[in-house]
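Down below is the structure, laid out as structure tokens.
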Number of protein chains: 6
Amino acid sequence: MSLLSNLKLNNNIEGLLAVKSAQVLKTRTGDKMYLNLQLTDGCNEIAAKHWDYEGETPTAKVLYIKATVGEYRGEFQLIITSFRPATPEEYDPKQFLPVCPVPLEELWKRWDILASQVKNSQLINLLTLVKEKHGERFAEAPGAVTHHHACIGGCLQHSVSVAEMANSMWQPGLNRDLLIVGGVLHDIGKMIAYDWSEGVLAMSDEGQFLDHIMIGGFLLRDLAKEAGVEWKLTVKLLHIVASHHGQLEYGSPVVPKIPEAYIIHHCDMIDANVEKMLKVREKAEGSWAKVYGLGYVYTETLK
Amino acid sequence: MSLLSNLKLNNNIEGLLAVKSAQVLKTRTGDKMYLNLQLTDGCNEIAAKHWDYEGETPTAKVLYIKATVGEYRGEFQLIITSFRPATPEEYDPKQFLPVCPVPLEELWKRWDILASQVKNSQLINLLTLVKEKHGERFAEAPGAVTHHHACIGGCLQHSVSVAEMANSMWQPGLNRDLLIVGGVLHDIGKMIAYDWSEGVLAMSDEGQFLDHIMIGGFLLRDLAKEAGVEWKLTVKLLHIVASHHGQLEYGSPVVPKIPEAYIIHHCDMIDANVEKMLKVREKAEGSWAKVYGLGYVYTETLK
Amino acid sequence: MSLLSNLKLNNNIEGLLAVKSAQVLKTRTGDKMYLNLQLTDGCNEIAAKHWDYEGETPTAKVLYIKATVGEYRGEFQLIITSFRPATPEEYDPKQFLPVCPVPLEELWKRWDILASQVKNSQLINLLTLVKEKHGERFAEAPGAVTHHHACIGGCLQHSVSVAEMANSMWQPGLNRDLLIVGGVLHDIGKMIAYDWSEGVLAMSDEGQFLDHIMIGGFLLRDLAKEAGVEWKLTVKLLHIVASHHGQLEYGSPVVPKIPEAYIIHHCDMIDANVEKMLKVREKAEGSWAKVYGLGYVYTETLK
Amino acid sequence: MSLLSNLKLNNNIEGLLAVKSAQVLKTRTGDKMYLNLQLTDGCNEIAAKHWDYEGETPTAKVLYIKATVGEYRGEFQLIITSFRPATPEEYDPKQFLPVCPVPLEELWKRWDILASQVKNSQLINLLTLVKEKHGERFAEAPGAVTHHHACIGGCLQHSVSVAEMANSMWQPGLNRDLLIVGGVLHDIGKMIAYDWSEGVLAMSDEGQFLDHIMIGGFLLRDLAKEAGVEWKLTVKLLHIVASHHGQLEYGSPVVPKIPEAYIIHHCDMIDANVEKMLKVREKAEGSWAKVYGLGYVYTETLK
Amino acid sequence: MSLLSNLKLNNNIEGLLAVKSAQVLKTRTGDKMYLNLQLTDGCNEIAAKHWDYEGETPTAKVLYIKATVGEYRGEFQLIITSFRPATPEEYDPKQFLPVCPVPLEELWKRWDILASQVKNSQLINLLTLVKEKHGERFAEAPGAVTHHHACIGGCLQHSVSVAEMANSMWQPGLNRDLLIVGGVLHDIGKMIAYDWSEGVLAMSDEGQFLDHIMIGGFLLRDLAKEAGVEWKLTVKLLHIVASHHGQLEYGSPVVPKIPEAYIIHHCDMIDANVEKMLKVREKAEGSWAKVYGLGYVYTETLK
Amino acid sequence: MSLLSNLKLNNNIEGLLAVKSAQVLKTRTGDKMYLNLQLTDGCNEIAAKHWDYEGETPTAKVLYIKATVGEYRGEFQLIITSFRPATPEEYDPKQFLPVCPVPLEELWKRWDILASQVKNSQLINLLTLVKEKHGERFAEAPGAVTHHHACIGGCLQHSVSVAEMANSMWQPGLNRDLLIVGGVLHDIGKMIAYDWSEGVLAMSDEGQFLDHIMIGGFLLRDLAKEAGVEWKLTVKLLHIVASHHGQLEYGSPVVPKIPEAYIIHHCDMIDANVEKMLKVREKAEGSWAKVYGLGYVYTETLK
């Protein structure tokens, strides 16, 4: 359980917190200095003050802090009594990254339900192989650096959702296996295109140079070969990865040319953007808020 | 049952057929003239010849024809023995238009299932009103003049499909009523924007001047008022109609600003374009065919 | 007459002024606090100081102020002696909004001159109805929230100008009635799409969800019906409203398909953008200034 | 007066006509050949037949024809009795080009009225110089090769119209001289960018390589220098020429940066496209016709 | 040497020719039929007639023909005396495809000169491997299906040219190895993306589904691994392949992010389009010709 | 040699320096004021402090400064002991502008080498004339105001580079003279379109109103006439100037229609953008930096 959950006024806490910003400031009356921090435990953020502070601005990314829980203008803030930089051994940089709100086990359970509907044994092998060989990293990858599903596990959450949506779009003439397998694997390249080892969601060099679509193609071709998927079928899966941005100007080298790819593209759009639309409701102040890529969005829930 | 269904070689048939093209031509040997026709009963097309023809090219849109069923290069063709122009009383121009392959009762049944999931009583009233007041015309309207759902009943088929898809996209935070009602009514303007009274699918003058989005807004506003839907809710429905093309350059005066509208836009795209992709399979000759708005599409079914 | 017109140095003034910004600051020498305000009477803005101020930053939108007219760096500023928040009863929020520089009577007179050139009696009825039924609100609506004609009455000023320009573009083959009536009514939706009841020019929820073109269509259809305008003619007027942004990507669901609509679109562009080009001259400092939607514009008057 | 005006059935005519198309065809009965021609006198077109023709297809651009006026399906056609190729001395290739419907004198009279409103003496000199030095060629230049004002004199007709429109758009703050002079001279480059010496409206090599905007700049710079226009003023005129297409993607190297240039751009659009919209009415058959650059246009006159 | 090179009037020839089109037509006088063919030997095309022909239109793709060389309107044509369909054993479908005008040995020699300037031993290995393992197929691949380098060997010719150009663009700060190796391998995917086994230049299914950029990435990644190229360097080569179309809307999933990739993109554009511009000169009739992707192009050589 | 080159700690310097920014600030302890300056000698920038400063913020653009060279956080800074505003006579505003890193003589030498390869005597005359008549100003002009070659001499450096690149692109069928002369003169308009007389790189009014392409056309047409270049050839050179931005939306009124113009366009792109890509390496901190017009660029040199 995270350090900043379930705080109580006037309690004491101690533990590791990551620094989001730090300044040494003068008090209003101008006669004293204090340290002003914004801290996070990965899930929650909190403001913190260290009064009568005369040191330098701390440069460490993570601090071990002892503090009392105070309050300012209706929100908790920490009153620090002492702190020291954390040592590299004390923590894993990833522990301060935001984490996908859906539990991992639930996501894998939904993955399994999807996998159980796949008929082609080669594709069943492929799903098993992905989970066994890359499951750990795949389940850590974010869905994006910002904007949508920008959290540890976001890629898996998004992939499972897209596959479920695509599956529900099945109609006669369509291949359900492709809808499901293409859905869960369309973003597989993100586990290489992104890098979160430093405690920040970022693009890797590979991601900058090749983007997740091309990287996804590389990964999927090797995995499909290893799983014994025939080439003709592999080409269709690669096509789904390649075309899932829907248009060349959005980075797909080809547009969808089979209905299954077309559906996965649109489900990808829906899942990513509906998430953004619902998320902005949590923190928006007025009825309208500007959302990246969507313009002004209505922030009230329609009952 | 239509005249050109279940033809048998050497049988005689007679009845009304609409003329798709007509020319008087010379035979190869150059010594005789013949009448060359392409005819339709609305569902099927057939070539027809009237040998030793010395009259003018017929100008009537519909002919009453007596003919024997012949064969040429592996396909049926009619050998006409006599014909006369049909009189206006003999037929309804609409009877020669292509008809939606899904039976009307089935579409209305699916409509009713959707309607039964709507909770808001004002919106229930609205759906009832639309069906009672405009049901007949709404169920005739095509989905488009060409390209997709270009048949009598195509609009209803498309609308019900979009609503079903949108409904299956529901997730916590979304309003199911809007997904369903917005889905079935997003294209309501097509029943005025198109005109099929002359036996051809065409845009009406209103359609040319205002397009189906604006006309749909007019219809829906009046119907919502009559059904007692409160203004705040009506505005959201009108927004779904207005934004369902997704982008300004596709004719929506506003982009989707609520997730329900965003979802309906994408379901609209999926339903229209997957239909085109599946339809081209029926008549394509190679593995690849060019489809309007989609470029080259793979025409083989993925088993 | 507005409070901040015709100020004289060292005079005392008192009255209601709206707050555009407010901060409590320290003096240069660092030993005292003062209140720094930017105030407006709707027409003019002025800086104001309250020296030796020890209170909180005032949060009221409107203040009742007593002050002496001082001067700083060649511009007037107010030296406040006392102030209190205004009560809601004391003022109308709209009184602090900028007002169109052309007097209302003059605009309506120009409207009447235009109306007197209309020949079709149905359209004459329509103009009379608009003026009688909605004249008050129509004459308040701004032309935009920012950028051009962003003031109370701006919509009417713009509408009359566009109609005059379009009227002057008449040539044989064109319908003068449509040029005039389409010109004055093309932006009628703005009286609903904007909201200025809170003392700020803003988009209403309807404006965000439907935009002024679709709302204008709703208003105009009802008014035309009430005024007895035949449907065929109404469709052309609605088409002018629908197409007046000229291109789909600017929010028109259809492009102009009659020359009268085409002309009104271009007159709309000219009136809006020439206003911006002339307005920037008033406050620009160098010879070139960046203007929204126009890039760099030359700010010197060409004699 | 042109040869094909006021034809009377069964009259004989003779004279020079330009050939638009020519084929040797077989009669329906297949036993005889005839010559089938489409001819023009520059203003009117007519079909012509030479029965029992056994010669080659004529290759001359202009023929001297003797014929009787016959009739076919309700339209006149010529029954040729004899013809011979015209010799180069007999005609001027330009005489078979379509001619602007407004008489030249009337256009120059309108030019003079505009010129008389110009106040700046340098600009008055400029207009006089243009008319004296280039008047003849300027008055011949077409407005375009196809699409709008595609006739001898079309450029002058268009230029005068644009200047009149721009002049009527004057408002305080604008420079009337620039509106007028910029209006009449904005397309001056067309007299070099087009070539009509061969009896066909075509682009010249200069027009292909540089386009009329850059060529217009060259002409105008020289003429302004010769007329004694000061450089600062010349730059504004050159800017009007350079920016009159309004946007870079339409071939203007700069966008309008003074309101006078902005107005001339829009008047240019109106004059060109309204002409197209009105012209299509003359020959359109249904209520809607497709017009280059405008999509579907309504072809009925609005009374 | 090809059958249709160095023809002489009245000589007899015999051999295999591919059929580009075939019709049975009637003579002008209407009393006889003849076979009208358009034939090719891969390099040259020629018209051919078989007079007094009474058979069916031949459907074979390749014919064995005996004919006399005749002449019609200043061009050679074949007068066929007899012909028969060729049997599959008699020919290789590829032999009738157009062949790159530069001899293969010369292209490989230029490749070797380029390779000799590469310093990094891993990349030297890579070039050697490509040549040894895929040299034969790589040297057959066309540069495109139509438009530019559409001939057997076109891809190699284009690749060598681009590498030479890029090499000549070297300046301090740039990596010459990447310019050379990226240049010769940027289009390596075309050897899979195209298919010419049927005697027609066409896209393969892989090419339609994945395009040559993604396929090139697959090939290059495997080859680089096999040649022992370190991963960091491989990523830069893959980036050059991925970005060589320069912009997302032209099918590159990423834009160039290193100067070497930027240069290769522009050299690719120059080589492809200059070839088109020079090629149109050979067959253009006037001074201007329309070229795919370039608009009107001047067809005269500038001396 | 410039004042700020080769500074040594604790040395005294005095001389003229241009002010890039100036503020009067309070010290951390809050009890004293100091003057904080950012200064440049045209080549180098340096921070400077004047402690215990009680005057106004200096407004002069250039100061005569006496100072000691100090150090702060590992970088030199000046500790000013006294300063005074420079008088206009003391300096040339241009002396504080950044200067092209390649010596002028070298650029002209490369120009001469290019010129020596030109065969057409008219074009040789043209190059001689440009150098003699405008050489001084041409050699001062910047390549741009910001972004690339934004320094005195940048235009010449860029022009010579582009001509060298284009020259190296020669192949049979191309005209080397046009590649060279078009290359060195394509940006000639920049010497009028930019203005640097005030010590700042800026667009001139002519540049704003006409852009450097049109101005370049004016200059080149006059110079070509004076040098005796025949009109047909001049038109091709003007075309190269006009089309060198490659696309209408980038400000070229025509696209390239001869291969020489096409090549110069791409060499222009390469030279400008490779310079930007290499320059960002000097000051970038991480591996990736955002570069105007290019997005994220890799900043490490590839060895």
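Note that this is a predicted model, so its numbers are computed, not measured. Note on naming: letters A, B, ... go to the chains in the order of the sequence lines (proteins, then strands), and numbering restarts at 1 for each one.
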**Message:** Please find the pair of heavy atoms, one from E:K257 and one from F:M277, that lie closest to each other, and give the distance.
**Reply:** C-CE, 4.0 Å
**Message:** Which atoms of E:L294 are under 4.5 Å from chain F, going by heavy atoms: the side chain, the backbone, both sets, or neither?
**Reply:** both
**Item:** Rounded distance [0.5 Å steps], CD1 in E:I263 versus CG in F:D271
**Value:** 9.5 Å
**Request:** Select one option (side chain, backbone, both, neither) describing which atoms of E:K236 are under 4.5 Å from chain F's heavy atoms.
**Result:** side chain
**Prompt:** Between CG of F:L302 and CG of E:L233, what distance do you get to the nearest 0.5 Å?
**Reply:** 8.5 Å
**Item:** Portion of E:R176 that has a non-hydrogen atom of chain F nearer than 4.5 angstrom
**Value:** neither
**Message:** I need the residue from F:K119, F:M165, F:E164, F:H265 with the largest number of non-hydrogen atom pairs under 4.5 Å to chain E.
**Reply:** F:M165
**Complete:** Residues F:G173 and E:R281: closest non-hydrogen pair is O-NH1, 3.0 Å
**Request:** Drop me the distance from E:H266's NE2 to F:C267's SG, to the nearest 0.5 angstrom.
**Result:** 10.0 Å
**Message:** Quick check on E:M269 against chain F: is it the side chain, the backbone, both or neither that has a heavy atom closer than 4.5 Å?
**Reply:** both
**Complete:** Applying a strict 4.5 Å limit to non-hydrogen atoms, the region of E:L178 in contact with chain F is side chain
**Item:** Part of E:E300 lying under 4.5 Å from any heavy atom of chain F
**Value:** neither
**Asked** What heavy-atom pair brings F:L278 and E:P259 nearest, and what distance separates the two atoms?
**Response** CD2-CG, 4.2 Å
**Request:** Calculate, to the nearest 0.5 Å, the distance between atoms CD1 and CD1 belonging to E:I270 and F:I270 respectively.
**Result:** 5.5 Å
**Prompt:** Side chain, backbone, both or neither: which part of E:E260 has a heavy atom under 4.5 Å from chain F?
**Reply:** side chain
**Complete:** If one checks every heavy atom of E:V255 against chain F at 4.5 Å, the contacting part turns out to be side chain
